Amino acid sequence: MPVKSVIEREARFSAKNYAPFPVVLSHGRDAYLFDVEGKRYIDMMSAYSAASFGHSHPRLVAALTRQLGRVDLVSRAYHSDNLGAFCEALAKLSGLDACLPMNTGAEAVETAIKAARRYGYDRLSIPQDKAEIIVAAGNFHGRTTTIVGFSTEPSCRRGFGPFGPGFLAAPYGDAAALEALIGPNTAAVLIEPVQGEAGVIVPPEGYLAALRRICDRHGILLIFDEVQSGFGRTGRNFCFEHENARPDGLIVGKALGGGLLPVSAFVARRAVMDVFDPGSHGSTFGGNPLAAAVALEAMRLLQDENLARRSLLLGKTLRETLARVDHPAIVEVRGKGLWVGVELDPAKVKAKDVCLAMMRRGVLTKETHATVIRFAPPLVIEEADLLQAIEIFQDALADVHPAHAASYAL
Ligand SMILES: *Cc1c(COP(=O)(O)O)cnc(C)c1O
């Protein structure tokens with residue numbers, strides 16, 4: 001079927017909640033994706049960090065296939081023989097005590113919200129239905145009605161109210177401003193250690209450690225949403241490790257499923273996790289044997305292939321090389337590990353046009369917030385491909401802004 005018809009069929013029979021680029025992908029391997037015509041692309045998007053291990057990593061595929069030959073889904077009404085190993089590995093990797101597995105990131109965020117509120121009532125004596133959670137302006141934590149209720153993005157919220165109370169938004173990166181919002185009914189602080197969807201916003205150094213001290217001082221919970229920043233993306237297994245700011249609760253997802261399956265979890269200290277008793281929370285698919293098998297293998301891969309270290313080193317190369325790209329439209333290059341946002345001046349170029357030009361030249365990425373191009377390749381990417389992607393970014397800038405290309409060729 002011609003590409004145009006494939007795209008038209010999808011458009012005709014699917015919701016319009018995404019505006020995908022006009023490319024139809026059919027297979028992938030490592031840091032490459034291929035379209036239906038066999039054209040190869042370097043993946044600088046990694047499915048929003050879910051494909052951190054590259055596409056169809058043979059060890060992940062083998063782990064999933066092995067498990068498919070044993071048993072698929074037994075439900076949490078019974079024990080299964082690999083759930084304990086999965087939870088143990090994740091608890092140990094994060095330095096926390098216990099896990100509650102879910103499927104999507106948003107579900108794990110919802111789990112964290114429930115845990116924080118119940119902890120607030122049971123342990124902090126907050127009056128019933130008064131618990132507050134402090135979040136950050138510009139946050140992205142998922143798409144459920146509760147979660148979009150505390151988003152500060154009009155496009156995420158419009159028409160979806162009424163929204164529940166109990167959330168306060170502090171400016172991101174300003175620990176003192178956040179502390180000023182803490183009151184007698186505050187149960188927790190919920191923060192992304194780097195704001196991904198907001199445009200790869202890296203908070204000032206010391207912010208995470210300051211949040212840890214503030215939450216300790218007020219006896220409230222610190223919860224980090226590492227759905228996107230976790231599993232090596234920022235150059236450490238978890239971003240909080242950069243500042244030794246271990247949270248009381250940690251939300252993980254995306255790469256945990258190895259890019260093969262939706263696997264997420266809320267991980268916490270025992271005292272926090274123990275607010276849940278039978279019947280209080282659950283998920284039909286959460287922690288199923290297939291998910292547990294893939295997630296276990298993903299965590300082993302992270303260690304065996306030293307991917308956090310790789311992300312740290314290649315991330316430095318990525319930032320330094322991008323910083324040398326001399327173009328008047330580039331406002332800022334920022335990031336941590338293999339996760340970089342290039343902020344462009346919208347008066348000079350549209351980020352989307354640059355992404356489309358990159359696509360034509362064989363690199364896939366996506367703008368965020370109309371002005372930022374993200375560079376977040378699989379952590380297994382080869383350095384040569386990383387450098388080639390940056391060259392193609394330069395060429396794409398020239399495609400979109402030809403007058404300028406000529407001027408700096410002088
Ligand atoms: C993607 C993301 C989520 C939501 O994950 P889904 O699997 O899409 O529900 C939550 N938090 C952060 C920080 C994310 O990047």
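If you read the sequence from its start, that first residue is 1, and numbering goes on from there. Every number for a ligand or one of its atoms is a count from 1 in the order of the listing. Both backbone and side-chain heavy atoms feed into the values below; hydrogens, waters and symmetry mates do not. Just so you know, these numbers come straight off a predicted model, no measurement behind them.
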Top protein contact for atom 14 (C) of ligand 1, by heavy-atom distance: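 Minimum-distance protein heavy atom for atom 14 (C) of ligand 1 reads Lys254 NZ, 3.0 Å.
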
Distance from atom 7 (O) of ligand 1 to nearest protein heavy atom, with residue and atom: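 Protein heavy atom with the smallest distance to atom 7 (O) of ligand 1: Gly105 N, 2.8 Å.
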
Does any donor atom in the side chain of [X] or [Y] lie under 3.5 Å from an acceptor atom in the other side chain?
X: His57; Y: Glu305; result: yes
X: His281; Y: Thr111; result: yes
X: His55; Y: Asp30; result: no
X: Gln303; Y: Arg300; result: no

Sub-4.0 Å protein heavy atom next to atom 9 (O) of ligand 1: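 Yes, because at least one protein heavy atom sits under 4.0 Å from atom 9 (O) of ligand 1.
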
Numbering the atoms of ligand 1 from 1, which are under 4.0 Å from a heavy atom of [X]?
X: Asp225; answer: 10 (C), 11 (N), 12 (C), 13 (C)
X: Glu192; answer: 13 (C)
X: Thr104; answer: 7 (O), 9 (O)

Location of contacts on Tyr48 toward ligand 1, heavy atoms closer than 4.0 Å: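 No part of Tyr48 is near ligand 1 at this cut-off.
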
Backbone of Glu343 reached by a side-chain donor or acceptor of Thr371 within 3.5 Å: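 Pair absent, no side-chain N/O of Thr371 close to backbone of Glu343.
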
Any N/O pair Glu197/ligand 1 closer than 3.5 Å: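 In fact, backbone or side chain, Glu197 has no N or O that close.
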
Test of proximity, Ala106 against ligand 1: N or O pairs below 3.5 Å: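 For ligand 1, there is an N or O atom that lies under 3.5 Å from one belonging to Ala106.
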
Lys/Arg-Asp/Glu bridge criterion (N-O < 4.0 Å) met for Arg59, Asp304: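 Result for this pair is yes, salt bridge flagged.
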
Test: Arg324 and Glu320 ion pair at under 4.0 Å: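 A salt bridge is absent here (no side-chain N lies under 4.0 Å from a carboxylate O).
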
